[in-house]
**Q** 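The structure that follows is given in the form of structure tokens.
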There are 2 protein chains.
Amino acid sequence: MTPEDRLPAMFRFFNEVGIIAQLSRAAFEARLSEGVTAPHFSVLNHLIRVADGRTPLELARAFQVPKTTMTHTLAGLEARGLVETRPNPEDGRSKRVWLTARGRAFRDEAIGLLAPDVAALAAHVNPAEIEAALPLLEKVRKALDAARG
Amino acid sequence: MTPEDRLPAMFRFFNEVGIIAQLSRAAFEARLSEGVTAPHFSVLNHLIRVADGRTPLELARAFQVPKTTMTHTLAGLEARGLVETRPNPEDGRSKRVWLTARGRAFRDEAIGLLAPDVAALAAHVNPAEIEAALPLLEKVRKALDAARG
DNA sequence: ACCAGATAGTGCGATATCGGACCACATGCA
DNA sequence: TGCATGTGGTCCGATATCGCACTATCTGGT
């Protein structure tokens, strides 16, 4: 039994989660072209999965990041021509974010580039176990979110 | 069902892990005093749990971060008087990192400040489930680490 | 003993995160 | 209508992450 094994399970849990987030993010970004980060991809993916035309604040809430962070992420996406923003006709303070054709294509290519890595991982870790762990992760995430105030 | 069909579950898994890492880190840092980050705390904790007198490179490997990041983290800890470094008598290129009395005290206080949050979380999520998820997380972490090259 | 290659650590530059301050517009209430 | 308050978004500054390049030192083979 190593010293780590004696730590309370909660600490080890968050420790493992932190390291996995860090490693997966690094592996992820290594597959994306120059300067495109995991948050960039996540936003593109969200706009496709949910629907584009979201406002920056909606996106910030969806990803649980401060709005200043989302401003910055969107600026990066816009500078790369992957999204465009237009004024929100229903609210003069606000914008809406739209995917460009390049943005959609980029996301699809990225999925293709990522697939082999996911498959390689599936060779080491049973995907059914991954899926079985999802409800717990969601529960933890919601509990943390609720605790934020 | 082939592993490829499980692909969306993998994506959701890493997505949840990323958000949990982000929220837990933010909650964590909100409890620590001015400017002390989760990595700072993690390093202090590691030095107490394992043993101090580690080299910066050993620490970087333990936390799976680039050595430049560890240099920066250690500089922050040293500036706050929580650790001190001395030359490694066995290797002139290297240093060893030692805890100060303040560093030990700081860590113990932080554990005390964190305990209520952990307890509050335990009220929403069964700690036994958390513990049951640890082997999977370790497996994923090790697979990612092995894939780094 | 020498030298080539490996290894420990740092400096620097690019970029990300995020809190606080700020502006513009919206909303509610008198 | 007019103003106090609230909300969407950005700018700025402090700090974190991390790749690249560099120095100092160590190690192994000759």
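In what follows, chains carry the letters A, B, and so on, assigned in the order in which the sequence lines appear, proteins first and then strands, with residues in each chain numbered from 1.
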**Q** Between Leu77(A) (CG) and dA16(C) (C1'), how many Å, whole number?
**A**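 The distance from CG of Leu77(A) to C1' of dA16(C) comes to 13 Å, rounded to the nearest Å.
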
**Q** With sequence neighbours left out, which residue pairs that include part of residues 118-135 of chain B fulfil the salt bridge (Lys or Arg N to Asp or Glu O under 4.0 Å) condition?
**A**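 Salt bridge (Lys or Arg N to Asp or Glu O under 4.0 Å) check on residues 118-135 of chain B returns Lys139(A)-Glu129(B).
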
**Q** Rounding to a whole Å, what distance do you find between Gln64(A):CD and dT17(C):P?
**A**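 Taking CD of Gln64(A) and P of dT17(C), I get 15 Å after rounding.
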
**Q** Which residue pairs satisfy the salt bridge (Lys or Arg N to Asp or Glu O under 4.0 Å) criterion with at least one member in residues 35-51 of chain A, sequence neighbours excluded?
**A**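 Matches after skipping sequence neighbours: none remain.
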
**Q** Would you say Arg141(B) and Ser24(A) make side-chain contact, with heavy atoms under 4.5 Å?
**A**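 Not touching, per the 4.5 Å side-chain cut-off.
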
**Q** With Pro66(A), which residues qualify under side-chain contact (heavy atoms from CB on, under 4.5 Å), at least two apart?
**A**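 Applying side-chain contact (heavy atoms from CB on, under 4.5 Å) to Pro66(A) gives Thr68(A), Thr69(A).
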
**Q** With sequence neighbours left out, write down each residue that passes ring-ring contact (aromatic ring centres under 6.0 Å, His included) with Phe63(A), or none if nothing qualifies.
**A**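 Phe63(A): ring-ring contact (aromatic ring centres under 6.0 Å, His included) contacts with His46(A).
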
**Q** The criterion is ring-ring contact (aromatic ring centres under 6.0 Å, His included); which residues satisfy it with Phe106(A), sequence neighbours excluded?
**A**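 ring-ring contact (aromatic ring centres under 6.0 Å, His included) check on Phe106(A) returns nothing, list empty.
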
**Q** Please list all pairs passing the salt bridge (Lys or Arg N to Asp or Glu O under 4.0 Å) test where one or both residues lie in residues 106-127 of chain A, with sequence neighbours left out.
**A**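 Listed once each, the pairs are Arg31(A)-Asp117(A).
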
**Q** Take the protein atom CG of Leu23(B) and the nucleotide atom P of dT17(C), then report the distance between them rounded to whole Å.
**A**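 That distance rounds to 14 Å.
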
**Q** Collect all protein-nucleotide pairs involving nucleotides 1-3 of chain D in which both atoms are nitrogen or oxygen and the distance is under 3.5 Å.
**A**
none

**Q** Send over the distance from Asn88(B) CG to dA24(D) P, rounded to a whole Å.
**A**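 Whole-Å distance recorded here is 19 Å.
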
**Q** CZ of Arg25(A) versus P of dT15(C): gap in Å, rounded?
**A**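 It is 14 Å, rounded to the nearest whole Å.
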
**Q** Detail all sub-3.5 Å separations between protein N/O atoms and N/O atoms belonging to nucleotides 8-14 of chain D.
**A**
| residue | atom | partner | partner atom | Å |
| --- | --- | --- | --- | --- |
| dG8(D) | O3' | Ser94(A) | OG | 3.3 |
| dG9(D) | OP1 | Ser94(A) | OG | 3.0 |
| dG9(D) | OP1 | Lys95(A) | N | 3.0 |
| dG9(D) | OP2 | Leu57(A) | N | 2.8 |
| dG9(D) | N7 | Lys67(A) | NZ | 2.7 |
| dG9(D) | O6 | Lys67(A) | NZ | 3.2 |
| dT10(D) | OP1 | Lys95(A) | NZ | 2.5 |
| dT10(D) | OP2 | Thr71(A) | OG1 | 2.9 |

**Q** Output the rounded distance in Å from CD (Glu29(A)) to P (dA14(C)).
**A**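 It works out to 18 Å between those atoms.
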
**Q** Tell me, please, which residues at least two apart from Gln22(A) pass side chain to side chain donor-acceptor pair (under 3.5 Å).
**A**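 Listed in chain order: nothing, the list is empty.
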
